[in-house]
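I have placed the structure first, in the form of structure tokens, so that the comments after it can refer back to it.
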Amino acid sequence: MAYTLDFSTPVNSALLIYILYSVQKIVFPSTSTPKTIPSEFKHGYSWMPKEHPPTVLFKTYTPKTLEPFNGKNGGRILLAINGIVFDVTAGRNFYGPDGMYGNFAGRDASRGMAKQSFDLDMLTAIDQPLDRLQDLRPDEIENMKGWIDHFSNKYIVCGKLVENDAA
């Protein structure tokens, strides 16, 4: 059975014209320049930020230098999980002073995240050595890794946590 091109029907003719027009636009694109050169993108966005967020540098923190970043007085909020410091300021409702997880702000939250406990006894005192987490069960370690993955995808990694005398 042989097929032939039949341009006698209006649909086939319209499709041919459309295809030829599309090919012509691709092969010979418009080279006209805009009448005015854009100087800003204000009209292209539906919103503009009030100000740019502060620049975040990757730094080395100790428990003592991390503690001031607890979100009090509207400041930045940092927390650490297994030596990785995250800037969770964007989650102020959760990690700020009045948030559900506010006790983790400015602290090493590794044990609490691993054990799914937000109690104060999950925190190591800031003048003590870092919690080595050696007594965690394999499922708790996996849970902590899940939180690290979650935080890595949602918040900015801004540093690492080391012992107080290591910085």
Side-chain angles (χ1 to χ4, degrees), residues 25-26 29-30 32-167:
K25 284 295 203 181
I26 293 170
S30 173
S32 65
T33 56
K35 291 180 176 69
T36 59
I37 297 172
S39 60
E40 61 181 64
F41 296 98
K42 193 174 200 174
H43 300 293
Y45 294 117
S46 61
W47 60 272
M48 290 293 287
K50 292 177 186 165
E51 60 186 32
H52 290 286
T55 302
V56 177
L57 299 176
F58 190 90
K59 292 175 55 176
T60 300
Y61 295 91
T62 66
K64 289 180 182 176
T65 61
L66 185 65
E67 197 275 331
F69 295 98
N70 55 20
K72 293 179 181 164
N73 300 321
R76 284 178 55 207
I77 305 170
L78 307 182
L79 65 79
I81 304 175
N82 202 26
I84 304 168
V85 179
F86 297 95
D87 185 336
V88 296
T89 306
R92 181 173 298 280
N93 291 342
F94 295 107
Y95 304 102
D98 298 325
M100 295 170 43
Y101 316 115
N103 57 327
F104 290 152
R107 302 294 293 273
D108 180 7
S110 304
R111 180 167 295 277
M113 293 295 185
K115 292 188 168 280
Q116 290 292 295
S117 174
F118 309 110
D119 296 333
L120 289 174
D121 62 345
M122 292 289 119
L123 300 172
T124 305
I126 62 170
D127 58 348
Q128 297 295 314
L130 289 177
D131 188 347
R132 296 286 165 220
L133 309 170
Q134 294 172 335
D135 61 329
L136 294 179
R137 298 186 317 260
D139 64 313
E140 292 171 334
I141 291 170
E142 285 302 311
N143 195 28
M144 181 178 62
K145 288 179 182 177
W147 279 107
I148 291 171
D149 288 342
H150 171 74
F151 276 69
S152 296
N153 290 319
K154 190 169 184 179
Y155 300 111
I156 297 170
V157 174
C158 64
K160 65 179 181 177
L161 185 66
V162 299
E163 294 287 352
N164 280 317
D165 55 2

Between NZ on residue K145 and CG on residue D149, distance to nearest 0.5 Å: 9.5 Å

Salt-bridge present (E163, R132; N to O < 4.0 Å): yes

Nearest non-hydrogen partners of L66 and L161, listed with the distance: CD2-CD1, 4.0 Å

Flag, side chain of N70 to backbone of P97, donor-acceptor distance under 3.5 Å: no

Heavy-atom closest pair, residues I26 and P29: O-CD, 3.7 Å

Taking every non-hydrogen atom, the tightest pair across P129 and T124: O-CG2, 3.5 Å

Minimum heavy-atom distance between N164 and K64, given as atom pair plus value: OD1-N, 3.2 Å

Rounded distance [0.5 Å steps], OH in Y101 versus CZ in F94: 6.5 Å

Whether Y155 and F151 hold their rings parallel, tilted or perpendicular, with breakpoints at 30° and 60°: tilted

Sub-4.5 Å side-chain heavy-atom contact between K59 and T65: no

R92 side chain vs G75 backbone, donor-acceptor pair below 3.5 Å: yes

Carboxylate-amine/guanidinium contact D121 K115, below 4.0 Å: no

Any M122 side-chain heavy atom under 4.5 Å of D131 side chain: no

Main-chain N/O of R137 paired with E140 side-chain donor or acceptor, under 3.5 Å: yes

Minimal non-hydrogen separation, T89 against D87, with atom names: OG1-OD1, 2.5 Å

W147 CH2 to I81 CD1 distance, which is reported to the nearest 0.5 Å: 8.0 Å

Pair L78-C158, side chain to side chain contact (heavy atoms under 4.5 Å, CB included): steps then yes or no: CA-CA 8 Å; L78 307 182; C158 64; 3.6 Å; yes

Sidechain-backbone polar pair: R111 side chain, L136 backbone, donor-acceptor under 3.5 Å: no

Evaluation steps, ring pair (Phe, Tyr, Trp, His ring centres under 6.0 Å), between Y95 and F86: CA-CA 11 Å; Y95 304 102; F86 297 95; 9.9 Å; no

Side-chain donor/acceptor of D108 to backbone N/O of S110, under 3.5 Å: yes

Any L123 side-chain heavy atom under 4.5 Å of L120 side chain: yes

For the student: nearest non-hydrogen atoms of V162 and P63, plus distance: O-CD, 3.2 Å

Main-chain N/O of A114 paired with N143 side-chain donor or acceptor, under 3.5 Å: yes

